[in-house]
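Structure, as structure tokens:
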Amino acid sequence: MFNALRARIRQGHRTVGFPNRPPVLPERYMGRPQWDATLCRADCDACVQACPTAALTRADGVLRIDLGRCLFCTDCTDACPTGAIGFTREYRMATDTREALVVNDRPYQLAKALDKQAKALFGHSLKLRQVSAGGCNACEADVNVLTTVVFDLSRFGIQFVASPRHADGLLITGPVTKNMELALEKTYEATPSPKIVVAVGACAVSGGLFADHPETHKGAGEIIPVDLYIPGCPPHPIAILDGLLRLLGVIEQQ
Amino acid sequence: MTTLPHVYNGQALPLAKVPELTMSEFRTVVLERIADGRRISSFFGMPHGDGIALLAVLANDRQGVLELCRTQVRDAYPALTPEAPQAHWFEREIAEQWGIVPEGHPWLKPIRFHPCYRKGSDAWGRDKARAIEPCVTDYFRVDGEEIHEVAVGPVHAGIIEPGHFRFQCHGENVLHLEIELGYQHRGIERAIIAGPGQRTAHYVETLAGDTTIGHATAFALAIEALGGTTAPPRAQALRAVALEIERLANHTGDLGALANDVGFLPTASFCGRLRGDFLNATALLCGNRFGRHLVRPGGVRFDLTTRIADELLKRIETTFADTENAVNLLWQTPSVMARFEGTGTVSCHDAAAMGLVGPAARASGVSLDVRNDLPWGAYRAHHVPTVSLPAGDVCARAYVRWFEVRNSVRFIAEEIAALPAGAIQQEPARPAPDHLAVALVEGWRGEICHVAITDDRGRLRHYKVTDPSFHNWFGLAMALRGQQISDFPLCNKSFNLSYCGHDL
């Protein structure tokens, strides 16, 4: 008993200051990519060729990076001869439509808060049921970590629950394997309406590496409607938390 | 005993040198070796001629070599499982993938629920027009007036991957547990064939995301072996450091989760944070908490500057001190020990017979560790002691993890202090045609085995992945025999196996 108390004092207070203070991210963190049109050579498509998930396309001289497919792997930056493409330290990437997950020559549109009615329902208490549907346990692990003392998700009224019947929505990871399709549909049906769906990670957003596999679907959106997309492979826990807090209107600035 | 060609871990040889035996020779050779203490590291089918070649990779831990042999089969062969139980899951996989029936297999069922890879074949003669429903199959049933069945999954209560568990219970006591998986099947092995290509390294990093470094290292070793390249010493050391940090993060997380499952919240809460601190140490190396994009054939992609090395050592040291403080509470708390001790026991005999690997095997007194028995890279020169405890219960599986945490911390410090200078990458040579390479890595769950076979143009003709979970899921089922069903979460955590690593 005394040992446990002594240990408690020694272990200290460990909850991060985010969202009131900026997050501490790894020095070599790869956040939202950016493209510099002035450095890009018109006759070169090395980055497009290098991308393992076809996240990059080029049309009319404009490079388009689909963050829904991006693994943040730097294969494109390695291939680029002029340094026109690079990864920033920007962790804010969650969007409310699939189409908005694009870096091109226009401003990036982050997810907006739920409408007034939905916010009244979920704003102070959001219970989510997590469904892994072909996830590799990296996204799952960094969703799970939000429940530790470090991120202390419950201070925002968000909690992961054991049953879809107790949930206000689902958080999906993985490309949705054919073998999980029925289970995901049933879990969605068992969740009472109104409900929200969050897709976390390249797989759940677009199918990621597995998008063209006969064994999988192209992400959660092929099976059920998605309200929040959080890109990454896996997304940093702060990126996931940022997305959830944007949905609830706790973080609003763009 | 017949001699077989052998390779060291991370070595290749021409496929033609792997002797093609008749079925009866193959059975004799494999079974006499298993009886003599060798283990099946991998056993799989691959299309060859007008049938299927069955290829066995046997680990000879005493001599530190891997022995290889193969045979040719068309539709069926006499199963090895009745005489060598550790073959049982491999033979189910062979049946499912290639429609080859291992005759006499005591419980021949699919393991991943996908159509047969060989056109026109099916080991169970299933109707091709009907979709294969996951986990819809026969289950072992106990009948009796007071017997009831509990079915759990695929969607579980926690943030965890999907699987299906069926318990046959008499009151609270579990008479039998049967585990069916396959929900996570993404078809990665098949997608790797004809590579290595742009996606291959990324595929292997997602085989089991919590074992990114382990699988990426095995893949790198296999590709380097096929091309006759060796990664520079500095890269080998950095891979070992990353692998040990991966072990630290997962073992610490498991110890916290075990505390949680017996309702001891202080350690559960502290370890939740500490696990993340170890993941952040990996991110210090490469920017990603799971070590994505760090290990590649030919070396590693990120170097350790002196400043980062100092920071890394400092972080490992302070995180370890806090982990020691958090974990020691477990052993000092009688209510925790009462729940750990004697729960979910697997005997040494059963563990060896089932072919368990990793901490699960070592906690049952089976002293196996690829880092010592079949070392690769930095482990050839620097050793990590093998931790082995005889009890076989949850407590032993927890204690093995704790000893391994301590050893990994020591190893990381030594490795960084003696970090070789020089390059971190060397362009890997093209894989040689018609060769076979075997690479083993002791991941945090146990032995990871990758077998790569090239075609006449040096492309991957076949790629076989055996995650440690493939060997160990049946161990969990055995651990539950005679236990209370309420101890399932605790036993499950004490193994903490991978669903996607199994389902591939």
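In this text, all values refer to a predicted model and were calculated from it rather than measured experimentally. Worth knowing before you read on, the calculation uses all heavy atoms, side chains too, and leaves out hydrogens, waters and symmetry mates. Below, chain A is the first sequence line, B the second, and so on; all start at residue 1.
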Structural part of A:Cys51 lying under 4.5 Å from a heavy atom of chain B: backbone
Ring geometry between A:Tyr91 and A:Phe18 (parallel below 30°, tilted from 30 to 60°, perpendicular above 60°): perpendicular
Ionic contact status for B:Arg296 with B:Glu205, cut-off 4.0 Å: yes
Region of A:Glu27 that comes under 4.5 Å of a non-hydrogen atom in chain B: side chain
Check ion pair B:Glu311-B:Lys314 (N to O, under 4.0 angstrom): yes
Greatest number of heavy atom pairs closer than 4.5 Å to chain B - which of A:Gln49, A:Arg28, A:His236, A:Arg6: A:Arg28
Ring-face cation of A:Lys127 near A:Phe160 (centre distance under 6.0 Å, axis angle within 45°): no
Max heavy-atom pair count under 4.5 Å with chain B, selected residue of A:Gln130, A:His213, A:Gln11, A:Met180: A:Gln11
Max heavy-atom pair count under 4.5 Å with chain B, selected residue of A:Thr147, A:Thr173, A:Leu25, A:Asp212: A:Asp212
Leading residue by heavy atom contact count with chain B [cutoff under 4.5 Å; candidates A:Leu209, A:Thr177, A:Val150, A:Asn137]: A:Leu209
Which atoms of B:Arg275 approach chain A - backbone, side chain, both or neither, heavy atom under 4.5 Å: side chain
Part of B:His185 within contact of chain A (heavy atom distance under 4.5 Å): both
Proximal component of B:Leu285, with respect to chain A [non-hydrogen, under 4.5 Å]: backbone
Heavy-atom pairs under 4.5 Å with chain A, option from B:Gly197, B:Pro162, B:Ala191, B:Ser269 with the top count: B:Pro162
Portion of B:Arg273 that has a non-hydrogen atom of chain A nearer than 4.5 angstrom: both
Heavy-atom closest contact (B:Gly163 atom, B:Leu181 atom, distance): CA-CD2, 3.8 Å
Heavy-atom pair of closest approach, residues A:Ile230 and A:Ile240: CD1-O, 3.7 Å
Salt bridge flag under 4.0 Å for residues B:Arg190 and A:Glu215: yes
Ring centers of B:Phe113, B:Tyr183 separated by less than 6.0 Å: no
B:Ala326 versus chain A, the contacting section by heavy-atom distance below 4.5 Å: both
Option in A:Cys73, A:Ala7, A:Ala162 with maximal non-hydrogen atom pairs under 4.5 Å from chain B: A:Cys73
Cationic N near anionic O, under 4.0 Å, B:Asp322 to A:Arg14: yes
Region of A:Thr74 that comes under 4.5 Å of a non-hydrogen atom in chain B: both
B:Arg186 versus chain A, the contacting section by heavy-atom distance below 4.5 Å: both
Per-residue contact mode, A:Thr148 against chain B (heavy atom under 4.5 angstrom): side chain
Proximal component of B:Glu161, with respect to chain A [non-hydrogen, under 4.5 Å]: both
Lys/Arg-Asp/Glu bridge criterion (N-O < 4.0 Å) met for B:Arg307, B:Asp310: no
Under 4.5 Å from a heavy atom of chain B, the part of A:Pro26 involved: side chain
Under 4.5 Å from any heavy atom of chain A - which part of B:Ile160: backbone
Chain B contact via A:Thr216 - which portion, at a heavy-atom distance below 4.5 Å: side chain
Contact class of A:Arg129 relative to chain B, heavy atoms under 4.5 angstrom: side chain
Under 4.5 Å from any heavy atom of chain A - which part of B:Tyr499: neither
Chain B contact via A:Phe72 - which portion, at a heavy-atom distance below 4.5 Å: backbone
Contacting region of B:Asp210 [heavy-atom separation from chain A under 4.5 Å]: both
Heavy-atom pairs under 4.5 Å with chain A, option from B:Gly182, B:Ala157, B:Ala131, B:Gly209 with the top count: B:Ala157
Contact origin within A:Pro234 toward chain B - heavy atom pairs under 4.5 Å: both
Region of B:Ala249 that comes under 4.5 Å of a non-hydrogen atom in chain A: neither
Heavy-atom contact with chain B under 4.5 Å, split by part of A:Val161: backbone
Cationic tip of A:Arg32 above A:Phe87 ring, under 6.0 Å, 45° of axis: no
Pick from A:Leu182, A:Leu171, A:Leu71 with the largest number of heavy-atom pairs that fall under 4.5 Å of chain B: A:Leu71
